[in-house]
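Within every chain, numbering begins at 1; the chains are lettered A, B, ... in the order of the sequence lines, protein sequences first and strands thereafter.
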2 protein chains.
Amino acid sequence: MNAVHLLLAVQLVKAYTGNMGIAERKERQRAELREQILRVARDIVVKEGFPALSMRKLADAVEYAPATLYLHFENREAIAKELCVRGFQDLLATLEPAAQVEDPLERLPKLAEAYVRFGLEHPETYRLIFMEDPKLSTALFGDNPESAGPRSFGVLVQVFVNLLAAGRLEAGTKPEQLAEVLWAGVHGIVSLRLTCTGFPGTPAEELTQVLVTTLVKGLPGLKAGRA
Amino acid sequence: MNAVHLLLAVQLVKAYTGNMGIAERKERQRAELREQILRVARDIVVKEGFPALSMRKLADAVEYAPATLYLHFENREAIAKELCVRGFQDLLATLEPAAQVEDPLERLPKLAEAYVRFGLEHPETYRLIFMEDPKLSTALFGDNPESAGPRSFGVLVQVFVNLLAAGRLEAGTKPEQLAEVLWAGVHGIVSLRLTCTGFPGTPAEELTQVLVTTLVKGLPGLKAGRA
DNA sequence: AGTGGTTTGTGAACACCGTTCATGAACGCC
DNA sequence: GGCGTTCATGAACGGTGTTCACAAACCACT
């Protein structure tokens, strides 16, 4: 915060003296380098996984000394956090089209499919967000409710809110609980695929479909009584 | 394998010469030290998490030089793998009582509850098995089908096999798929709890119940038609 | 009892890692 | 041109996993 305030103060002074072009350029360059660092870091993570992202390798890739990175980020974790935030925004963006579907019962499978697809298409990003460091994942939900984390969860909740509002669900049903169950299901499918790569199992897309239809309709043709 | 063969050869020779007490003691001591290393390693992992398990700290704790550890394990990962195997055996043991329940529809919630309980009661063990290194998790399922990994999954499959055999499920239903969905669900619940610690949500036990009843009966009071 | 060979243990080193800090260079302002 | 701020860095610190030459302990055999 100190640095930001200082920069703002400098800008204001420059504006007052009628000479702010240089300060603007400097801040722009600073922001550009920060962005470049994040771009390269993302590339490394996507290609080799988060554990392979070392400050020295990253510094080499952006052609600066390792110490320079610390002028733009507090530490390695701060870089990871930023990548997490952006990764989660990508996930939310992937969910967005499916979230537009009007009928909640049609929306549900589309959302699940989109979620799982994102996880499988961006495994290292997904791992970074949900499976690397609890500190990273926790941070994505702890802060303001307008960030991608809570908003994504909200998209899931909305499905059941809509169903409930339309009188299509039993009164008293808690939409958040069902959303959490759904989330656990799709997250489970993705994360098991990403970790137990050797496990045979059915294709993730098919499994997602089975998950959704079972959650909606229950076990196929179930006879409750004893056999 | 070489070392083992050598030891066997030595034992045989000793037996032939009528003097195998010493070789026995040596092997026993060797196995004891190996076991002690694993015990201490487990303690560290359970208390401080797998990332905190360093070879030097472990060597200090067992009062040997770091290099000595490499006489008993190929590397750090080999220790982790062994801890994984044993952790999974514990998980299977936790599932065992629930697996004994005769009625599959009663068994299902018990299994789910036991699974989730294990994950929450042994978070670092669960993390080690399923969330640290893909190589570790993969190894647990890749090898022989009698290991704890496939056997645990088999316990889940059995629920649906029994239902199907009793004619209580629609013919053509694939038990493995349903088991996988169930597994994804409970794993999702546990792993989200362990990573997104900040997320509020309903208690895991309640959520597990909702998951199971929804999977069995479908969405409560669902009206399929448009509102 | 002494000797030789095997097993067991280790200190030191290598190549990394994240991070810090004093030093130096570049830059914009006066 | 001189000065103060900003930017960049080399070198260092303490940590990591791992290897390897070397030493010590041990057991078997003469």
Side-chain angles (χ1 to χ4, degrees), chain A residues 2-4 6-7 9-11 13-14 16-34 36-37 41 44 48-60 62-81 133 135, chain B residues 2-34 36-37 41 44 48-60 62-81 133 135:
Chain A
N2 253 341
V4 172
L6 216 63
L7 274 176
V10 168
Q11 274 190 325
V13 168
K14 297 309 168 188
Y16 192 72
T17 61
N19 180 5
M20 65 183 290
I22 290 177
E24 270 181 2
R25 172 180 57 80
K26 284 192 118 183
E27 171 146 357
R28 201 173 54 237
Q29 285 178 344
R30 199 184 148 76
E32 260 172 28
L33 178 50
R34 194 188 136 95
Q36 196 204 341
I37 292 173
I44 296 179
E48 314 175 42
F50 177 64
L53 177 69
S54 86
M55 297 301 268
R56 284 177 163 89
K57 190 193 286 189
L58 178 54
D60 261 18
V62 294
E63 297 181 288
Y64 279 90
T68 304
L69 301 179
Y70 290 85
L71 298 178
H72 297 268
F73 297 92
E74 192 190 345
N75 49 30
R76 188 176 109 111
E77 196 183 320
I79 298 179
K81 242 176 206 159
D133 192 338
K135 271 184 267 181
Chain B
N2 254 340
V4 172
H5 285 160
L6 216 63
L7 275 176
L8 282 177
V10 168
Q11 274 190 325
L12 290 176
V13 168
K14 298 309 163 187
Y16 193 71
T17 61
N19 179 9
M20 64 183 291
I22 290 177
E24 271 181 3
R25 173 179 56 80
K26 285 193 114 184
E27 171 147 359
R28 201 173 54 238
Q29 285 178 343
R30 196 181 153 77
E32 260 172 29
L33 178 50
R34 194 188 137 96
Q36 196 204 340
I37 292 174
I44 296 179
E48 315 175 42
F50 177 63
L53 177 70
S54 85
M55 297 300 270
R56 283 176 167 89
K57 189 193 287 189
L58 178 54
D60 262 18
V62 295
E63 297 180 289
Y64 278 89
T68 304
L69 300 180
Y70 291 85
L71 298 178
H72 297 268
F73 297 92
E74 193 189 347
N75 49 29
R76 188 177 110 110
E77 195 183 319
I79 298 178
K81 241 176 207 160
D133 192 337
K135 271 183 266 179

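Using a 4.5 Å heavy-atom threshold, the side chains of R30(B) and H72(B) count as touching. Within the 4.5 Å cutoff, the side chain of L58(A) has no heavy atoms near those of the R76(A) side chain. Counting only heavy atoms from C-beta outward, the side chains of L33(B) and Y64(B) approach each other to under 4.5 Å. Put simply, the side chain of V62(B) does not reach to within 4.5 Å of the side chain of T68(B), judged on heavy atoms. Taking 4.5 Å as the limit, some side-chain heavy atom of K81(A) sits within range of a side-chain heavy atom of E77(A).
Remark: R56(A) pairs with no residue by the side chain to side chain donor-acceptor pair (under 3.5 Å) rule, at least two apart or across chains. Residues forming a side-chain contact (heavy atoms from CB on, under 4.5 Å) with A31(A) (at least two apart in sequence, or on another chain): none.
Mapping Y64(A) and M55(B) onto DNA chain D by nearest heavy atom places Y64(A) at the nucleotide closer to the 5' end.
Separating the CG atom of L53(A) from the C1' atom of dC16(C) is a distance of 15 Å, rounded to the nearest angstrom. Whole-Å rounding puts the D60(B) CG to dT10(C) C1' distance at 14 Å. Residue L58(B) contributes atom CG, which lies 12 Å from atom P of dT18(D) at whole-angstrom precision. In this structure, the CD1 atom of I44(A) is 11 Å from the P atom of dG18(C), given to the nearest Å. E63(B) has its CD atom 11 Å from the P atom of dT10(C), to the nearest Å.
In plain terms, the two heavy atoms of Y70(A) and N75(A) that are nearest each other are CE2-CA, 3.9 Å. Counting all heavy atoms, side chain and backbone alike, I44(B) lies closest to A52(B) at CG2-O, 4.0 Å. Among all heavy-atom pairs drawn from I79(A) and A41(A), the shortest one is CG2-CB, 4.0 Å. Minimum heavy-atom separation, A59(B) to A65(B): CB-C, 3.8 Å.
Within 4.0 Å (heavy atoms only), I79(A) reaches no atom of the nucleic acid at all.
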Which protein N or O atoms sit under 3.5 Å from an N or O of nucleotides 21-24 of chain C?
none

N/O-N/O pairs, protein side and nucleotides 23-26 of chain D side, under 3.5 Å:
none

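Enclosure of atom CD in Q29(B) by more than 12 non-hydrogen atoms of other residues, nucleotides or ligands within 6.0 angstrom is indicated. Other residues, nucleotides and ligands place no more than 12 heavy atoms under 6.0 Å from the NZ atom of K135(A).
Between dA13(C), dG9(C), dA12(D), one nucleotide has an atom nearer to the side chain of R56(B) than all others, and that is dA13(C). Between dT10(C), dT18(D), dT16(D), one nucleotide has an atom nearer to the side chain of R76(B) than all others, and that is dT18(D).
The rotation axes computed at either terminus of the helix from dA1(C)-dT30(D) to dT23(C)-dA8(D) lie 30° apart, taking five pairs at each end and rounding to 10 degrees.
Note on R30(B): a side-chain N or O is less than 4.0 Å away from OP1 or OP2 of dT8(C).
Contacts between residues 68-75 of chain B and DNA chain D, counted as heavy-atom distances below 4.0 Å, involve Y70(B), N75(B).
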For the pair R28(A) and E32(A), evaluate side chain to side chain contact (heavy atoms under 4.5 Å, CB included) and give the outcome as yes or no after the intermediate values.
CA-CA 6 Å; R28(A) 201 173 54 237; E32(A) 260 172 28; 4.2 Å; yes

